[in-house]
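Right, one structure below, let's go through it.
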Amino acid sequence: MKRQPSSSPRSTKRRTVSIIGTGSYVPEKILTNEDLSRMVDTSDEWITTRTGIKQRRIAAKDENTSDMAAKAALKAIEQAKISPKEINLILVATATPDMLFPATACFVQKKIGATKAACLDISAACAGFLFGVEIAQQFITSHTYDTVLVIGADKLTSITNWTDRNTCVLFGDGAGAAILRHRGGSHGVISTHIGSDGQYSDILFMPGGGSRCPITRDNVDLNLATIHMTGKEVYKQAVTAMLSAAKKALEQAGLSIHDIACVIPHQANLRIIEAIADRLGIPLEKFYVNLDRYGNTSAAAVAIALDEANRSGRIKSGDYILMVVFGGGLTWAGTVIEW
Ligand code: ACO
């Protein structure tokens, strides 16, 4: 039964923006911790106790970020019962675009036949999907667009250094999507909070492959176009930023954490989620967790989790849900939705 909120949720938005369909896709190939222990000096025990991850999905060589994104999008479109031609805007949050340009969103547009949409990518690392939800909401509440497709998709295994045990055990591939639209009624996005701190841009980044350090014949062996991470610092910042984002989103919504039926967090590390549950004073069971099966799929993670929670009945109509994410940049975001 739905709890009564501790105070009236408030929405200052001119139009209610609802998620009317979700979809997700993960590649078939599974890489287990056992498999990894044959590639680098690690063990199932180390990975499980430090991260909670048991396995992850790996995209095929010819399976691009846009392929996964399009598959997730088509499922969301089917659930929303709309035609791709009704989509006005496609936002793809990704750190692993098919190419530096054009935008991966343009490739998705072609693959799903959303011929009337404007398309752009969002670069906010793992936090990108909720940045997309905020942008979509702004366009819809301002009456600029009616229907927006937001996708989080990443092929992190294409930028993973498979000889670095500090990072290669953490990541996987996948995509998640949502269709946002003004539907009328009260159900929808109640509050969003997004933030960034460029001071910490050097604790999680990919140094090569951009204009600052293009990959050349001379530097190709330096693994520059792979993820570089200071794990302990990322862990610390992740807990602080996600807690703060959660509290701000709740405050803006006029709700207490105890009004929330389900928290859907970024799926990076179970210990990060446990630390947040502890500091928010709620049991771990309130969190939707699938990182044991997929690892950290970056921008896709929270979107895949949302789709699974939706399709499995873990979240039900009228529930208040809190989504909270963190990524390189640093970037973070919190969103409260009445489902
Ligand atoms: N297998 C075995 N040993 C390992 C492995 C591994 N895969 N990786 C590191 N170690 C070793 C280290 O070399 C170190 O050994 P040493 O003591 O001999 O030097 C020891 O384990 C401890 O290493 P720490 O880095 O201190 O381990 P820690 O407990 O901090 O856990 C981890 C590392 C899991 C990376 C943790 O810091 C973490 O989760 N950080 C956050 C990472 C994250 O969430 N990144 C992504 C967030 S944003 C985004 O999604 C892109």
Side-chain angles (χ1 to χ4, degrees), residues 18-28 56-59 63-80 84 87 89-98 104-105 107-108 111-112 114 121-137 148-157 171-181 189 192 262-268 287-312 314-315 321-327 331 333-335 337 339:
S18 299
I19 292 180
I20 61 166
T22 62
S24 61
Y25 169 81
V26 290
E28 257 173 52
R56 65 289 290 144
R57 299 298 182 104
I58 311 287
E63 191 172 35
N64 302 320
T65 297
S66 68
D67 296 316
M68 297 189 287
K71 284 181 180 159
L74 286 172
K75 288 184 192 164
I77 288 165
E78 190 187 359
Q79 190 178 71
I87 296 168
L89 177 68
I90 301 175
L91 300 170
V92 175
T94 187
T96 48
D98 288 15
T104 298
F107 295 122
V108 172
K111 284 171 185 162
I112 66 173
D121 287 0
I122 297 169
S123 178
C126 305
F129 181 75
L130 291 190
F131 274 57
V133 169
E134 163 80 48
I135 295 166
Q137 179 185 247
V148 181
L149 166 60
V150 183
I151 302 171
D154 264 307
K155 186 177 176 181
L156 280 193
T157 62
F171 305 115
D173 302 326
I179 305 283
L180 278 77
R181 177 181 261 186
V189 178
T192 56
C262 181
V263 183
I264 303 181
H266 178 44
Q267 309 282 322
F287 286 71
Y288 188 86
V289 177
N290 63 12
L291 61 83
D292 51 322
R293 289 177 282 138
Y294 305 136
N296 179 352
T297 56
S298 187
V302 79
I304 295 172
L306 175 68
D307 181 49
E308 287 190 350
N310 179 25
R311 286 175 191 262
S312 67
R314 174 75 172 75
I315 54 177
I321 66 166
L322 168 67
M323 299 169 76
V324 61
V325 294
F326 167 85
T331 51
T335 300
I337 299 175
W339 198 250

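- Put simply, CG on D307 and OH on Y25 are 14.0 Å apart, with the number rounded to the nearest 0.5 Å.
- In this structure the side chain of I90 reaches within 4.5 angstrom of the side chain of I112, judged on heavy atoms.
- Between I179 and I87, the closest side-chain pair of non-hydrogen atoms falls below 4.5 Å.
- To the nearest 0.5 angstrom, L306 atom CG is 10.5 Å from R311 atom CZ.
- The side-chain heavy atoms of I264 and C262, taken from C-beta on, include a pair separated by under 4.5 Å.
- Between I337 and I315, every side-chain heavy-atom pair lies at or beyond the 4.5 Å cut-off.
- Of the inter-residue distances, the one linking L291 atom CG with H266 atom NE2 reads 9.5 Å to the nearest 0.5 angstrom.
- Taking the side chain as every heavy atom from C-beta outward, V325 and T335 never approach each other to under 4.5 Å.
- Residues G132 and I122 share a closest heavy-atom pair of CA-CD1, 3.4 Å.
- Side-chain contact check for T192 versus L130: every heavy-atom pair is 4.5 Å or farther apart.
- Put simply, the side chain of F107 does not reach to within 4.5 Å of the side chain of D67, judged on heavy atoms.
- A donor-acceptor contact closer than 3.5 angstrom is absent between the side chains of T297 and D154.
- Here CG of D121 is found 9.5 Å from CD1 of I151. Values are rounded to the nearest 0.5 Å.
- Taking 4.5 Å as the limit, every side-chain heavy atom of T94 sits out of range of all side-chain heavy atoms of K155.
- Minimum interatomic distance between A153 and A299 (heavy atoms only, all atoms of both residues): N-CB, 4.2 Å.
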For the pair R293 and E308, evaluate salt bridge (charged side-chain N to carboxylate O under 4.0 Å, His left out) and give the outcome as yes or no after the intermediate values. CA-CA 12 Å; R293 289 177 282 138; E308 287 190 350; 2.9 Å; yes
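- Nearest approach of E28 to R57, heavy atoms of both residues: O-NH1, 3.7 Å.
- Taking both residues in full, the closest heavy atoms of F129 and M323 are given as CE2-CE, 4.1 Å, listed atom of the first, atom of the second, then distance.
- Contact record, L180 with A136: CD2-CB, 4.0 Å, taken as the closest heavy-atom pair.
- Checked by atom type, the side-chain pair Q79/N310 shows a donor-acceptor distance below 3.5 Å.
- Between N290 and A305, the closest heavy-atom pair is ND2-CA, 3.7 Å.
- Not one N or O on the side chain of T157 forms a donor-acceptor pair closer than 3.5 Å with the backbone of I58.
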